[in-house]
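Working notes, structure below.
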Amino acid sequence: MPALADRLLPWFAAHARDLPWREDGVSGWGVLVSEIMLQQTPVVRVDPIWREWLARWPRPSDLAAASTAEVLRAWGKLGYPRRALRLQAAAVVIAAEHDDVVPDDVDTLLALPGIGAYTARAVAAFAYGRRCPVVDTNVRRVVARAVHGRAEAGDAAARDLPDTEALLPDDEADAARTSAALMELGACVCVARGPRCADCPVVDLCAWQHAGRPAWDGPVKKGQRWAGTDRQVRGRLLDVLRGADGPAGAAALESAWLTDPAQRARCLDSLLVDGLVEQLADGRFALPGET
DNA sequence: GAGCCGTGGGA
DNA sequence: TTCCCAAGGCT
């Protein structure tokens, strides 16, 4: 539907946020780092960390040469620190097999660790101007409302990709900008709670508006618990090691989670398995590669 | 494919 | 306070 893109492109040109990874001259590497950091993580928290990373590791080979401990400390409290490990692993492959240049085609990107269906297409579109549908939670919500007249997107479905592809204009550069505009609309206007329809550039084309903004009648998404979960305990343990000058003894780690010693031990073991922590010969624990 | 994997801000 | 959720990926 070119009609939607015809509205979105001028709106995006006028209202797009000034994000550092959107500036002219940002490399494919810069875009890839931003996309990994932005997975399940708000823009405001990514912004300063992204700047630090690109200044410190301007090429994939620079990150590839860093120690895991450095990488995890630089990741800070962005969350989901396994993303940092996978990003470094991707950098190793890019440096060794792709001449230190982030690939520009979806299939090659998909083969890299930590890069899935969303990120591969986001990099192809935003870094290289490719015409490929970029489907994230924002785009799925926009399509659910504007195209299908539903309040929420529900579970990901096989038709998400063709549904989104149908919205892209033929011109490659315009299509890439449309993908960015769809995401921006979902992030800033067509938001999950309290959509600002009065500010929407496609409100008169929106199927959800035409249907009278019906409430969501699909399955209710089950919320993930947090308090007392292994995720919380892992986060506490890693936070201790990030904040320590060097290796930490058992006592320091025990203090991170006193509620349930068995759970603490299990979580520490899982961190070792994941490669987020290593144990030294003397029994102490540290971020991997810490000297 | 359902569940797991961090963190913090806003309603 | 509690709950929701924010540019997902992996198993």
Side-chain angles (χ1 to χ4, degrees), chain A residues 12 16-17 19-22 30-50 72 75-87 89-90 109-127 132-143 152-158 160-161 164 176 179-188 190-196 216 219-242 256-257 263 266-267 270-271 273-277:
Chain A
F12 186 61
R17 292 168 291 177
L19 303 175
W21 44 87
R22 285 177 175 167
V31 173
L32 173 57
V33 172
S34 77
E35 293 301 339
I36 300 293
M37 288 183 171
L38 286 163
Q39 290 168 3
Q40 303 287 285
T41 309
V43 165
V44 290
R45 235 183 301 164
V46 168
D47 190 321
I49 306 294
W50 183 88
L72 289 175
W75 192 258
K77 307 195 79 170
L78 273 185
Y80 293 141
R82 293 186 299 181
R83 289 183 294 168
L85 299 186
R86 292 176 183 141
L87 179 52
L109 286 160
L110 280 171
L112 296 170
I115 298 185
Y118 162 75
T119 303
R121 290 178 175 79
V123 169
F126 304 150
C132 57
V134 180
V135 180
D136 76 327
T137 184
N138 290 306
V139 173
R140 294 203 310 113
R141 185 172 56 251
V142 169
V143 171
E152 295 181 24
D155 292 331
D160 289 343
L161 227 44
T164 304
S179 290
L182 283 167
M183 289 182 58
E184 190 79 350
L185 188 72
C188 299
C190 195
V191 294
R193 287 182 293 185
R196 301 162 45 200
W216 173 245
V220 177
K221 61 190 70 171
K222 53 191 69 172
Q224 295 182 348
R225 298 285 172 248
W226 169 248
T229 60
D230 284 4
R231 273 192 295 167
Q232 184 183 24
V233 179
R234 286 165 55 102
R236 289 275 190 87
L237 291 168
L238 210 52
D239 195 43
V240 168
L241 294 175
R242 270 197 310 263
W257 193 254
Q263 184 184 25
R266 181 177 71 244
C267 288
S270 75
L271 289 170
V273 169
D274 287 347
L276 287 162
V277 175

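All chains are named by letter (A, B, ...) in the order of the sequence lines, taking the proteins before the strands, and each is independently numbered beginning at 1.
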Checklist line | Atom P, compared across B/dC5 and C/dA7: separation rounded to whole Å | finding: 22 Å
Note to self: For the P atoms, the ones on C/dC4 and on B/dG3, what distance do you get once it is rounded to whole angstrom?
What the structure shows: 16 Å
What's the [atom1]-[atom2] distance between [X] and [N], to the nearest Å?
X      : N     : atom1 : atom2 : result
A/M183 : C/dA6 : CE    : P     : 12 Å
A/D136 : C/dC5 : CG    : C1'   : 13 Å
A/L161 : C/dG8 : CG    : C1'   : 15 Å
A/N138 : C/dC4 : CG    : P     : 19 Å
A/E35  : C/dG8 : CD    : P     : 9 Å
A/L38  : C/dG9 : CG    : P     : 12 Å
A/R141 : C/dC4 : CZ    : C1'   : 12 Å
A/L110 : C/dG9 : CG    : C1'   : 11 Å

Considering every strand and a 4.0 Å limit on heavy-atom distances, what is the contact class for [X]: base, sugar-phosphate, or nothing?
X      : answer
A/A192 : sugar-phosphate
A/W21  : base
A/R17  : base

Margin query: Can you identify which nucleotide, out of C/dG8, C/dC10, C/dC5, has its nearest atom closest to the A/R86 side chain?
Written below: C/dC10
Check: Where the side chain of A/T119 is concerned, which of C/dA7, C/dG9, C/dC10 is the nearest nucleotide?
Finding: C/dG9
Checklist line | N/O (side chain, A/S34) to phosphate O (OP1/OP2, C/dA7) under 4.0 Å | finding: no
Notebook entry, point to check: Between A/L276, A/L271, A/L87, which is the residue that forms a side-chain contact (heavy atoms from CB on, under 4.5 Å) with A/R82?
Noted result: A/L276
Margin query: Contact between A/Y80 and A/Q40 at the side-chain level, heavy atoms closer than 4.5 Å - yes or no?
Written below: yes
Margin query: Nearest 0.5 angstrom please: A/S34 OG to A/I49 CD1, how far?
Written below: 14.0 Å
Item checked: With A/W257 via ring pair (Phe, Tyr, Trp, His ring centres under 6.0 Å) - residues at least two apart -> none
Next item on the list: Could you note down all residue pairs passing salt bridge (Lys or Arg N to Asp or Glu O under 4.0 Å) where residues 231-240 of chain A supplies at least one of them, sequence neighbours left out?
Entry: A/K77-A/D239, A/R234-A/D274, A/D239-A/R242
Margin query: If only side-chain N and O atoms count, and only distance matters, is there a donor-acceptor pair under 3.5 Å linking A/R83 with A/T41?
Written below: yes
Notebook entry, point to check: If you measure only the distance, is there a donor-acceptor pair under 3.5 Å linking the side chains of A/Y118 and A/E35?
Noted result: yes
Checklist line | Base versus backbone protein contacts along nucleotides 2-11 of chain B [heavy-atom cut-off under 4.0 Å; B, S, -] | finding: -SBBBBB---
